[in-house]
Each structure stands twice: as structure tokens, then as C-alpha cells.
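Right, one structure below, let's go through it.
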Number of protein chains: 2
Amino acid sequence: MEERVLYDEKAINHLIANVSEDELCNLAELFKVFGDSTRIKILYDLFDGEKNVTEICEDLEMNQSAVSHQLKILRTSKLIGSRRDGKQMIYFLADDHVKTIIAMGKDHIEE
Amino acid sequence: MEERVLYDEKAINHLIANVSEDELCNLAELFKVFGDSTRIKILYDLFDGEKNVTEICEDLEMNQSAVSHQLKILRTSKLIGSRRDGKQMIYFLADDHVKTIIAMGKDHIEE
DNA sequence: TGTTCATATGAATATATTATCATATGTTCC
DNA sequence: GGAACATATGATAATATATTCATATGAACA
């Protein structure tokens with residue numbers, strides 16, 4: 001009773017055709033962002049919906065400075081977006097790729 | 001005329017439901033492996049099909065030791081497999097997740 | 001068995017990265 | 001304007017990581 005992610009093989013192959021060396025380096029930079037437990041926990045935390053910095057700190061049980069530093073990296077990579085709400089900054093997932101990429105990773109690990 | 005990867009949202013959501021802290025750390029470890037330009041280039045090189053170490057070194061224009069060190073990390077993460085053929089070791093992609101994960105990354109970057 | 005080719009590995013160095021601490025910035029409200 | 005709260009940021013120190021060099025292992029074959 002296995003659940004499998006379905007994907008369009010043709011679209012996948014089209015996407016990964018002729019990737020330049022530069023693009024591969026950019027890809028590595030992107031995956032590097034996913035490759036830190038604090039950042040992945042932040043992303044996963046935001047799967048619930050948008051949150052402010054204090055909430056994220058509480059969820060992760062980490063200090064505010066460490067979280068803010070990582071939020072900046074996530075923002076720079078456009079994996080999350082932010083908006084101000086009074087004194088607070090609200091963070092949210094930028095798009096569905098984040099979920100998909102993490103799901104693919106989980107799928108790989110589960111084997 | 002945009003080409004989009006299709007994926008099954010329900011399957012994705014099922015996969016990412018209730019991921020434990022430990023599993024998130026394992027995911028970070030996995031993505032860390034993708035997060036290095038040498039390793040990503042090796043993986044992409046293997047999209048062509050299986051290759052021996054010397055071929056990979058030539059393709060990447062990198063010295064053998066550096067490549068072997070990274071091959072070991074890729075092997076340990078089960079992203080590639082290997083078999084011996086006489087004096088040579090042949091490396092190949094372990095499964096389709098690698099292509100899918102890289103395609104998702106590319107899809108994200110392209111926006 | 002000794003030589004050559006192919007690959008792996010250990011140690012060392014150089015570089016990158018993360019968390020922490022201290023402090024700065026920005027917002028609200030009195 | 002000043003205090004209090006929320007967040008960001010710079011510098012530092014500790015740790016992790018990648019490449020290189022030297023060398024070891026392993027297979028083939030004379």
C-alpha cells in the first residue's frame with residue numbers, strides 16, 4: 001500500500017537537458033540552503049502557514065539571532081518571503097517548490 | 001509555451017506530513033550532498049549513463065583524488081551505485097529521485 | 001612475482017559555515 | 001522624544017568541508 005509521488009518524466013527530462021556548468025553551480029547553491037538542519041526546520045515550520053520570528057524561535061527552541069541569520073539566507077534564496085506587520089516580521093514559504101523538493105528528499109530517504 | 005513539472009499534490013502532502021525532527025536532520029544531510037558543485041556536476045555527468053572514475057575526472061577537469069572523495073560521499077548517501085569492471089569502477093545514478101530533485105531545483109531557479 | 005593502470009584513502013591545509021554575543025535598527029505607544 | 005518590544009546585523013570563535021599531496025589497495029598481465 002505504497003504511496004508514490006507522480007511526476008511527468010518528459011517534463012523532468014526537458015528541465016534537466018543542457019544544464020550549463022554555471023547553472024549547476026547555482027543548483028548547488030540552492031541545495032546548500034536546504035542542507036542545514038536549522039533552515040530545513042524553519043521551512044518545515046512554515047508548512048503550517050506564515051509565522052513571525054518569535055514563533056519560529058519558539059517552535060525550534062533556538063535563539064533569535066541564529067534564526068534571523070538563517071531567515072536571511074532563506075530569503076536571499078527566495079525560498080521564503082516576508083512582510084512587516086507592525087513590530088513583527090511575518091515569514092512564509094515563497095512557493096510550492098519547497099514542499100516538492102523536501103518531499104522528493106523524503107521519498108529518497110524512505111527507501 | 002511553458003513546460004511545467006506535474007506532480008501529485010496529494011502524494012506530496014502525504015509525504016511531508018508529520019516529519020520528525022530527526023527526519024528533518026536526515027533530510028538536511030541529504031540536501032547537503034546536493035549542495036556542492038563538484039558533487040552536482042558528478043551527478044549531472046552520470047545523467048548520460050554510467051561512467052568510470054577516469055571519465056568523470058576528464059568531464060569535470062578535476063583531479064582523481066578530489067573526485068574519488070566526492071564519489072564516496074555520493075555512494076554513502078545512496079545517490080549513486082558502483083560496480084567493478086576489471087581495473088575500473090563504474091558509477092551510475094542509484095535512482096530517479098536524483099533527476100527529480102535536480103529538476104525541481106532547476107524549476108525553482110528558473111523563475 | 002613484479003610492473004602498470006585504476007581507484008581509494010589518510011593527513012594536512014585552506015576555506016566556508018554556524019551559533020553566539022553584543023549591539024543596531026525599526027515600530028509602537030505613552 | 002523616550003521606553004519597550006521585535007527583528008536584524010557585525011564580529012568572533014568553533015566547527016565542518018573540500019582539495020591537494022602522498023601513498024595504499026586492487027586488478028590485470030607479462
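Each chain gets a letter, A, B and so on, in the order its sequence line appears, and its residues count up from 1.
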Given C/dT18, is OP1 or OP2 found less than 4.0 Å from the side-chain N or O atoms of A/Thr38?
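It does not, given that no N or O in the side chain of A/Thr38 lies less than 4.0 Å from OP1 or OP2 of C/dT18.
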Taking only the side-chain nitrogens and oxygens of B/Lys32, find out if one of them lies under 4.0 Å from OP1 or OP2 of D/dA16.
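No, because none of the side-chain N or O atoms of B/Lys32 sits under 4.0 Å from OP1 or OP2 of D/dA16.
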Could you give the [atom1]-to-[atom2] distance, from [X] to [N], as a whole number of Å?
X       : N      : atom1 : atom2 : value
A/Ile73 : C/dA19 : CD1   : C1'   : 11 Å
B/Arg83 : C/dA6  : CZ    : C1'   : 15 Å
B/Asn52 : D/dA28 : CG    : P     : 14 Å
B/Gln88 : C/dC5  : CD    : C1'   : 9 Å
B/Leu74 : C/dT7  : CG    : P     : 16 Å
B/Met62 : C/dA6  : CE    : C1'   : 18 Å
B/Ile80 : C/dT7  : CD1   : C1'   : 13 Å
B/Glu55 : C/dT7  : CD    : P     : 9 Å

Would you call the rings of B/His97 and A/His108 parallel, tilted or perpendicular if under 30° counts as parallel and over 60° as perpendicular?
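Answer is perpendicular, since the angle exceeds 60°.
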In the single-linkage hydrophobic clustering (I, L, V, M, F, W, Y; side-chain heavy atoms under 4.5 Å), do B/Ile16 and A/Phe92 co-cluster?
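No; A/Phe92 is not reachable from B/Ile16 via cluster members.
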Hey, which of these two, B/Asn63 or A/Ile90, hits DNA chain D nearer its 5' end, going by closest nucleotide?
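Closer to the 5' end of DNA chain D: A/Ile90.
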Polar side-chain atom of [X] near backbone of [Y] as donor-acceptor pair, under 3.5 Å:
X        : Y       : value
B/Lys106 : A/Leu15 : yes
B/Tyr44  : A/Ser20 : no
A/Arg39  : A/Lys32 : yes
B/Tyr91  : B/Leu43 : no
A/Asn63  : A/Ala66 : yes

Proximal nucleotide (of C/dT18, D/dG26, D/dA18) relative to the B/Lys87 side chain
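Of C/dT18, D/dG26, D/dA18, D/dG26 is nearest to the side chain of B/Lys87.
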Scoring nucleotides 8-13 of chain C by protein non-hydrogen atoms under 4.0 Å (B base, S sugar-phosphate only, - none) yields BBBB--
Check the surroundings of atom CD in B/Glu61: do more than 12 heavy atoms from other residues, nucleotides or ligands lie under 6.0 Å from it?
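Check fails, neighbour count at 12 or below.
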Residue mapping more 5' on DNA chain C - nearest nucleotide basis, A/Gly86 or A/Gly35:
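Mapping each residue to its closest nucleotide by heavy atoms, the 5'-most match is A/Gly35.
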Please give me the minimum heavy-atom distance between A/Glu23 and A/Asn18, naming the atom from each residue.
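Scanning both residues completely, I find the closest heavy atoms to be OE1-O, 3.9 Å.
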Bend angle of the helix from C/dT1-D/dA30 to C/dC30-D/dG1, from helix axes over five pairs at each end, nearest 10°
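It works out to 20° between the end axes.
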